[in-house]
Colleague: 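The following block contains the structure, expressed as structure tokens.
Just so it is clear: chains get the letters A, B, ... in the order the sequence lines come, proteins before strands, and each one is counted from 1.
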Amino acid sequence: MIPSDPKQVTQICFDRIRIPNQRRLEVARANGAYRFLPTVLNEFTPEKIIDEMKKSGLRGRGGAGFPTGLKWSFVPRDTGKPTYLLCNADEGEPGTFKDRDIMRYDPHLLIEGMIMAGFALNVRDAYIYIRGEFKREAEILNEAIREAYAANLLGENILGTGYTMHLTVHRGAGAYVCGEETALIESLEGKPGRPRYKPPFPAVEGFYRCPTVVNNVETLATVPAILEHGGDWHAAIGVQNSAGCKIFSVSGHVNKPGNYEVPMGTTLKTLIEEHCGGLRHGSVPKVVIPGGSSTPWLTAEHYEVPLTYDDMVKAGSMLGSGAIIVMDETTDVVAVTRRLSHFYAHESCGQCTPCREGTGWLERLMLKLEAGKATEQDLEVLSDAAEHMAGRTICALADGAAAPVLSMLKHFPDEVRARLVEKAA
Amino acid sequence: MSAVETPRFSQERLEEIQALVARYPGARSALLPVLHMAQEDFGYLSLDVQRHVAEVLGLTLIQVREVVTFYTMFREQPCGTYLMEVCTNASCMLNGADRLVRHMCDKLGIKVGETTPDGMFTVTEVECAGACGGAPVVQINNEYHENVDEAYIDRFIDEARGKGGKA
């Protein structure tokens with residue numbers, strides 16, 4: 001049970017996740033799933049729901065952190081076209097593995113959140129776009145959806161309330177860029193996942209050019225608690241401008257890697273030392289990538305940064321998806337950067353020149369640097385290429401590709417220079 | 001002759017596809033799921049299979065091809081009975097994925113991307129599998145194996161060989 005006193009709340013999405021067989025409808029219902037759904041469908045208006053979501057201060061948990069209630073309020077009501085709700089379960093940002101746990105252990109929480117969101121947005125057809133590799137998770141979701149249909153929680157005239165919503169699970173097929181919402185829409189239309197120019201934003205013209213809302217799994221899984229306890233309740237959890245709890249996926253050189261949901265404002269050090277059992281070697285990390293591989297690196301000086309949207313920006317990075325990759329003193333930062341450069345070169349969709357060409361340049365130069373064959377001039381080209389990619393493309397993949405390279409150059413100039421050809425020889 | 005050899009979805013599959021198409025505003029949306037089905041049924045997506053998929057969904061061949069070649073999970077070539085995909089992205093790399101790949105390749109006598117001569121094992125490197133808490137991660141025929149080490153791989157390969165090549 002999530003406490004009704006916001007000061008007592010330590011987790012929201014993971015509240016029931018450790019209950020055995022929670023993925024099965026009868027177990028989930030015995031533990032409170034769908035309990036508040038009839039009240040929402042019978043007594044709430046869409047306006048009230050959007051109002052509560054705005055008051056809640058919930059920001060999108062996929063990475064961008066855009067206020068969810070505001071996103072929903074952008075959907076025009078009078079277009080005569082259907083509105084679609086898409087759940088972004090692509091979870092491709094390196095370091096991120098939180099949505100997988102919600103889907104495989106508590107799928108009904110996501111489904112309930114989607115029904116409530118769908119009702120608020122007058123949606124008839126909703127889809128969960130899940131990365132293709134999560135085949136087992138897609139099967140679990142499909143089974144949960146079958147149970148929900150059989151219990152009239154999905155389909156025609158849900159629980160006799162007159163509201164109808166259909167929900168379909170759609171597997172991607174291995175393309176990081178499809179986590180970007182307009183690429184996801186292209187992919188769901190059966191095309192290569194190439195991000196679209198914006199505007200128009202999906203809220204106005206998205207799936208099949210109709211109004212579309214795309215929300216992350218964790219975002220949608222937070223909706224039932226907000227509507228049951230109220231927007232003000234949620235806003236009182238965490239800190240100003242970073243309301244609620246957040247799941248942090250911690251991986252790398254910690255003793256107990258895994259997903260940990262904590263109230264926003266918890267410090268990075270507390271998360272790593274009290275929840276993750278500390279570092280494997282040494283007392284402070286060499287590098288922490290705080291929000292997935294596309295976010296700028298933090299070093300030991302920011303070990304005590306509070307995990308909030310604003311504090312992360314002040315520290316020079318971003319909260320992102322909450323994927324924290326920890327590297328201890330044994331780490332070769334050049335090798336890690338080279339590996340990440342390969343990732344972005346592999347995943348660039350190729351439609352914008354700065355990204356298509358730039359990611360290739362970064363990878364080639366990083367390979368050269370790692371091999372001890374790079375010159376001073378190569379280093380200049382590396383830095384120049386990275387700086388000129390960011391912000392010059394349709395989507396943020398190029399910015400993500402630049403982040404590790406620029407971070408490495410900024411924080412570890414001596415290690416980098418020691419790898420140059422003159423020095424290495 | 002060729003008509004007999006050309007891959008065709010079963011009647012059951014065609015009905016499944018029809019029901020799937022009805023869940024979307026347009027048939028083209030069903031392309032990714034139908035390609036997954038085709039890969040499951042036929043092993044890989046040969047040009048003939050791609051033509052068949054185009055026909056079934058009322059698409060042009062180029063609409064199918066641009067999708068097959070864009071997404072990494074779709075394969076245009078056959079692979080081994082056991083497709084072993086090792087994530088070597090950051091979190092897995094920090095936990096020994098590169099060493100694991102080398103071990104697998106040495107044990108099997110192949111390079112990354114190759115298949116053993118008996119057609120049993122293919123080893124590839126893949127991008128982040130979204131299971132970094134269990135790094136290093138190896139997907140074997142789309143099943144996730146987490147916290148994998150050399151001993152685990154040795155056991156897996158030996159057991160698979162003991163089963164005589166059936167997945």
Colleague: Less than 4.5 Å to any heavy atom of chain A: does that hold for the side chain of Ala135(B), its backbone, both, or neither?
Modeller: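 Neither part, no heavy atoms under 4.5 Å.
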Colleague: Using side-chain heavy atoms (C-beta onward) and a distance below 4.5 Å, is Tyr208(A) in contact with Ser29(B)?
Modeller: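 They are in contact (side-chain heavy atoms under 4.5 Å apart), so the answer is yes.
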Colleague: I'd like to check Pro25(B) versus Tyr84(A) (side-chain heavy atoms, cut-off strictly below 4.5 Å). Are they in contact?
Modeller: yes
Colleague: What part of Gln39(B) gets within 4.5 angstrom of chain A, counting heavy atoms only: side chain, backbone, both, or neither?
Modeller: neither
Colleague: Could you tell me whether the side chain of Asn142(B) reaches within less than 4.5 Å of the side chain of Phe134(A), counting heavy atoms only?
Modeller: no
Colleague: Just give me the residue among Gly350(A), Pro404(A), Pro192(A) that pairs up with chain B most often, heavy atom to heavy atom, under 4.5 Å.
Modeller: Pro192(A)
Colleague: Please state whether the side chain, the backbone, both or neither of Val126(B) comes within less than 4.5 Å of a heavy atom of chain A.
Modeller: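 Val126(B) touches chain A through backbone heavy atoms alone.
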Colleague: Just so I know, are the side chains of Lys135(A) and Glu143(B) near enough to count as touching, which here means a heavy-atom distance under 4.5 Å?
Modeller: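 No. Closest side-chain heavy atoms not under 4.5 Å.
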Colleague: Is there a side-chain contact between Asp125(A) and Tyr24(B), using heavy atoms and a 4.5 Å cut-off?
Modeller: no
Colleague: Please classify the contact between Thr88(B) and chain A as side chain, backbone, both or neither, with a heavy-atom cut-off of under 4.5 Å.
Modeller: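 Contact with chain A involves both backbone and side-chain atoms of Thr88(B).
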Colleague: Does a side-chain heavy-atom distance below 4.5 Å link Leu32(B) with Ser187(A)?
Modeller: yes
Colleague: Assess whether atom CD of Glu139(A) is packed by more than 12 heavy atoms of other residues, nucleotides or ligands within 6.0 Å.
Modeller: yes
Colleague: Could you check whether Arg100(A) makes a cation-pi contact with Tyr144(B), meaning its NZ or CZ is under 6.0 Å from the centre of the six-membered ring and within 45° of the ring axis?
Modeller: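 Yes; both conditions hold, so Arg100(A) lies above the ring face of Tyr144(B).
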Colleague: Please classify the contact of Asn89(B) with chain A as side chain, backbone, both or neither, using a heavy-atom distance under 4.5 Å.
Modeller: both
Colleague: Given that the side chain runs from C-beta out, which part of Glu66(B) has a heavy atom under 4.5 Å from chain A: side chain, backbone, both or neither?
Modeller: both
Colleague: Does any heavy atom of chain B fall under 4.5 Å from the side chain of Cys210(A), the backbone, both, or neither of them?
Modeller: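 It is neither, since no heavy atom gets under 4.5 Å.
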Colleague: How about Lys191(A) and Leu31(B): do any of their side-chain heavy atoms sit closer than 4.5 Å?
Modeller: no
Colleague: Using heavy-atom distances under 4.5 Å, tell me whether Arg124(A) contacts chain B through its side chain, its backbone, both, or neither.
Modeller: neither
Colleague: Side chains of Glu125(B) and His346(A), heavy atoms from C-beta outward: is any pair under 4.5 Å?
Modeller: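 A side-chain contact is absent here, since even the closest heavy-atom pair is not under 4.5 Å.
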